[in-house]
A.B. asks: 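Below you'll find the structure I mean.
Predicted model only: the values in this text are computed from it and were never measured. Quick note: residue numbers are just sequence positions, from 1.
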Amino acid sequence: MNDIPLYPFTSHTIPFNYGKLRYHFVDDGPRTNARAVLMLHGNPTWSFYYRNVINALKGEHRCIVPDHMGCGLSDKPQDYPYTLQQHIANVRSLIERLDVKELDLVLHDWGGAIGMGLAMQIPERIRRIVVLNTAAFLSPRIPFRIDICRTPVLGDFAIRGLNAFAKAALFMAVARREKLTPEIKDGLLLPYDSWENRVAILRFVQDIPMTPRHPTWKLMQDIEAALPQFKNRKMMICWGMKDWCFDKSFLRTWREKFPDAEVNEFADAGHYVLEDAWEQIAPKISAFLR
């Protein structure tokens with residue numbers, strides 16, 4: 001077990017790059033069949049973000065929750081291809097090594113693109129999908145406060161030097177700030193305590209594809225084009241309506257692409273919707289997957 005407060009899960013790792021890198025994940029709950037709930041986090045969070053959902057589900061469901069390379073308790077190599085394509089490949093490698101045959105997806109932030117990118121590759125294994133303030137499609141919208149973090153030198157200094165991105169999220173990404181106790185704040189920031197350990201936070205921001213010239217643009221196009229094949233899957237959307245980044249326009253796009261999805265709007269929740277409203281969302285996810 002870990003000795004991290006609020007994170008009572010056993011750490012597991014698999015080796016990448018001929019054993020030079022460790023990829024960390026939580027694997028909790030019964031392993032009585034080949035189905036699992038795969039929860040994918042975004043930036044700048046880590047598997048800690050899903051702690052309450054894991055605790056709610058692990059009695060009935062196998063919960064697999066990786067830390068993307070450079071995030072959480074995974075290694076943080078300085079010279080690494082921190083791209084959407086690589087993150088998808090890493091998650092697929094994890095699923096293959098664990099021999100999981102059927103997946104329910106829970107997706108937040110960058111986890112949407114990574115998860116649906118994985119689903120595009122193995123559609124036959126996807127059963128149900130839970131969407132939490134995320135996107136898996138191109139958008140012309142990018143908030144100024146995120147776009148400025150993509151500026152060379154300035155972005156490096158702000159994100160890696162000052163830890164401004166992760167620290168700002170502690171009040172910008174939540175609507176009910178009183179719920180973020182010092183212990184929760186410490187948990188969210190714990191892996192990102194140095195210049196070196198913040199490398200993936202910066203690379204995620206830089207990997208946002210805003211023009212066709214961006215190397216991730218084509219892959220995001222392909223993921224978006226593949227979404228219609230999942231219209232026959234059960235989908236539940238839980239959306240924090242005070243999210244200034246993944247705002248109502250993103251929710252509207254999800255509704256258009258999946259008109260049969262069950263949609264739950266949380267008026268008093270922001271981007272970190274599981275911090276603001278996990279007490280309402282975790283039981284909904286549990287019932288939905290059941």
A.B. asks: Taking the side chain as everything from C-beta on, heavy atoms only, tell me whether Asn197 gets closer than 4.5 Å to Ser194.
C.D. replies: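 Yes - at least one pair of side-chain heavy atoms lies under 4.5 Å apart.
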
A.B. asks: What is the distance from atom CZ of Arg141 to atom CD1 of Ile146, rounded to the nearest 0.5 Å?
C.D. replies: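 So the gap between those two atoms works out to 12.0 Å.
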
A.B. asks: Rest of the hydrophobic cluster containing Trp195 (Ile/Leu/Val/Met/Phe/Trp/Tyr, side-chain heavy atoms under 4.5 Å)?
C.D. replies: none

A.B. asks: Hey, any chance Leu251 and Val273 share a hydrophobic cluster, counting ILVMFWY side chains that come within less than 4.5 Å of each other, even indirectly?
C.D. replies: yes

A.B. asks: Measure the shortest side-chain to side-chain distance between Leu219 and Ile88 over non-hydrogen atoms and say whether it is less than 4.5 angstrom.
C.D. replies: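 Answer yes - side chains close enough.
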
A.B. asks: Pairs in or reaching into residues 105-129: which pass side-chain hydrogen bond (donor to acceptor under 3.5 Å, both in side chains), with residues at least two apart or in two chains?
C.D. replies: Tyr49-His108, Arg92-Gln121, Glu96-Arg125, Asp104-Arg127, Asp109-His271

A.B. asks: Please enumerate all residues that pass salt bridge (charged side-chain N to carboxylate O under 4.0 Å, His left out) together with Asp147, with sequence neighbours excluded.
C.D. replies: Arg150

A.B. asks: With distance as the sole test, does Thr134 use its side chain to make a donor-acceptor pair with the main-chain N or O of Gly112 at under 3.5 Å?
C.D. replies: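 At least one qualifying donor-acceptor pair exists.
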
A.B. asks: For residues Val205 and Trp244: do they belong to one hydrophobic cluster (side chain heavy atoms under 4.5 Å, members Ile, Leu, Val, Met, Phe, Trp, Tyr)?
C.D. replies: yes

A.B. asks: Could you go step by step and tell me if Ile54 and Met39 meet the side-chain contact (heavy atoms from CB on, under 4.5 Å) rule?
C.D. replies: CA-CA 9 Å; Ile54 299 171; Met39 308 180 203; 4.0 Å; yes

A.B. asks: To the nearest 0.5 angstrom, please state how far the CZ atom of Phe171 sits from the OH atom of Tyr272.
C.D. replies: 11.5 Å

A.B. asks: Among pairs that include at least one residue of residues 39-55, which meet salt bridge (Lys or Arg N to Asp or Glu O under 4.0 Å), considering only residues two or more places apart or in two chains?
C.D. replies: Arg51-Glu275

A.B. asks: With sequence neighbours excluded, give me every side-chain hydrogen bond (donor to acceptor under 3.5 Å, both in side chains) pair touching residues 230-239.
C.D. replies: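 Those involving residues 230-239 do not exist here.
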
A.B. asks: Any chain of hydrophobic side-chain contacts (each under 4.5 Å) joining Met236 to Trp278?
C.D. replies: no

A.B. asks: Hey, do the aromatic rings of His87 and Phe204 have their centres closer than 6.0 Å?
C.D. replies: yes

A.B. asks: Output every pair passing salt bridge (Lys or Arg N to Asp or Glu O under 4.0 Å) with a member in residues 203-229, not counting sequence neighbours, ordered by first then second residue.
C.D. replies: Lys218-Asp222, Glu224-Lys257

A.B. asks: Any non-hydrogen side-chain atom of Tyr7 less than 4.5 Å from a side-chain atom of Trp46?
C.D. replies: yes

A.B. asks: So, the side chain of His61 versus the backbone of Cys63: is there a donor-acceptor pair under 3.5 Å, distance only?
C.D. replies: no

A.B. asks: Measuring from Phe266:CZ to Lys284:NZ, what's the distance to the nearest 0.5 Å?
C.D. replies: 5.5 Å

A.B. asks: Which atom pair, heavy atoms only, marks the closest approach of Ala200 to Cys71?
C.D. replies: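 That would be CB-SG, 4.0 Å.
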
A.B. asks: Heavy-atom distance under 4.5 Å between the side chains of Leu107 and Val130, does that happen here?
C.D. replies: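 No. Closest side-chain heavy atoms not under 4.5 Å.
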
A.B. asks: Between Ile142 and Ile148, is there shared hydrophobic-cluster membership here, with clusters defined by ILVMFWY side-chain heavy atoms closer than 4.5 Å?
C.D. replies: no

A.B. asks: Between Phe230 and Met235, is any pair of side-chain heavy atoms under 4.5 Å apart?
C.D. replies: no

A.B. asks: Looking at Thr151 and Leu154, would you say the former's side chain and the latter's main chain have a donor-acceptor pair under 3.5 Å?
C.D. replies: no

A.B. asks: Check whether any side-chain N or O of Asn17 sits under 3.5 Å from a backbone N or O of Lys20 as a donor-acceptor pair, and report yes or no.
C.D. replies: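 Not at all, since once roles are kept as given, no pair shorter than 3.5 Å links the two residues.
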
A.B. asks: Between Tyr50 and Leu40 (side chain of the first, backbone of the second, donor and acceptor by atom type, cut-off under 3.5 Å), is there such a pair?
C.D. replies: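 Yes, because the side chain of Tyr50 sits within donor-acceptor range (under 3.5 Å) of the backbone of Leu40.
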
A.B. asks: Are Leu190 and Phe48 close enough that some pair of their side-chain heavy atoms sits under 4.5 Å apart?
C.D. replies: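 Sidechains of Phe48 and Leu190: no contact.
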
A.B. asks: Tell me, with the steps shown, if His24 and Ser11 meet side chain to side chain donor-acceptor pair (under 3.5 Å).
C.D. replies: CA-CA 7 Å; His24 176 268; Ser11 284; 2.8 Å; yes

A.B. asks: In Å and rounded to the nearest 0.5 Å, what is the CG to CH2 distance from Leu84 to Trp217?
C.D. replies: 14.0 Å

A.B. asks: Indicate yes or no for a side-chain donor-acceptor contact from Tyr192 to the backbone of Gly72 under 3.5 Å, with no hydrogens or angles considered.
C.D. replies: yes

A.B. asks: Could you pull out the closest heavy-atom pair between Asp276 and Ala173, with the gap in Å?
C.D. replies: OD2-O, 4.3 Å

A.B. asks: What residue pairs, at least two apart or across chains, pass salt bridge (Lys or Arg N to Asp or Glu O under 4.0 Å) with a residue in residues 70-87?
C.D. replies: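 Sorted pair list: Arg22-Asp75.
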
A.B. asks: Can you confirm whether Val91 sits close enough to Tyr23 that some side-chain heavy atom of one is under 4.5 Å from a side-chain heavy atom of the other?
C.D. replies: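 The answer is yes, as the side chains (C-beta and beyond) meet within the 4.5 Å cut-off.
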
A.B. asks: Can you list the residues that meet the salt bridge (charged side-chain N to carboxylate O under 4.0 Å, His left out) rule with Lys248, with sequence neighbours excluded?
C.D. replies: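 Partners of Lys248 under the salt bridge (charged side-chain N to carboxylate O under 4.0 Å, His left out) test: none.
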
A.B. asks: With sequence neighbours excluded, give me every ring pair (Phe, Tyr, Trp, His ring centres under 6.0 Å) pair touching residues 139-165.
C.D. replies: none

A.B. asks: Which heavy atom in Met69 sits nearest to a heavy atom in Tyr82, and how many Å separate them?
C.D. replies: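 Nearest heavy atoms, Met69 then Tyr82: O-CE2, 3.2 Å.
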
A.B. asks: Only counting residues at least two apart or in another chain, list the ones meeting salt bridge (charged side-chain N to carboxylate O under 4.0 Å, His left out) with Arg160.
C.D. replies: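 For Arg160 there are no salt bridge (charged side-chain N to carboxylate O under 4.0 Å, His left out) partners, ignoring immediate neighbours.
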
A.B. asks: Does Val153 sit in a hydrophobic cluster with other residues, and if so which ones, taking ILVMFWY side chains as linked at heavy-atom separations under 4.5 Å, directly or through other members?
C.D. replies: none

A.B. asks: How far does NZ of Lys167 sit from CD1 of Ile159, to the nearest 0.5 angstrom?
C.D. replies: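 It comes to 13.5 Å.
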
A.B. asks: Quick test of your reading: applying side-chain hydrogen bond (donor to acceptor under 3.5 Å, both in side chains), list the pairs with at least one residue in residues 172-183, sequence neighbours left out, ordered by first then second residue.
C.D. replies: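 Pairs touching residues 172-183 that pass the test: Lys179-Glu279.
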
A.B. asks: Within the 4.5 Å heavy-atom criterion, are Glu60 and Ser286 side-chain neighbours or not?
C.D. replies: yes

A.B. asks: Applying a strict under-4.5 Å side-chain criterion to I, L, V, M, F, W and Y, I'd like to know whether Leu105 and Met220 cluster together.
C.D. replies: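 Yes, one cluster joins them.
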
A.B. asks: Just how far is it from atom NE2 of His41 to atom CG of Asp67, taken to the nearest 0.5 Å?
C.D. replies: 5.0 Å

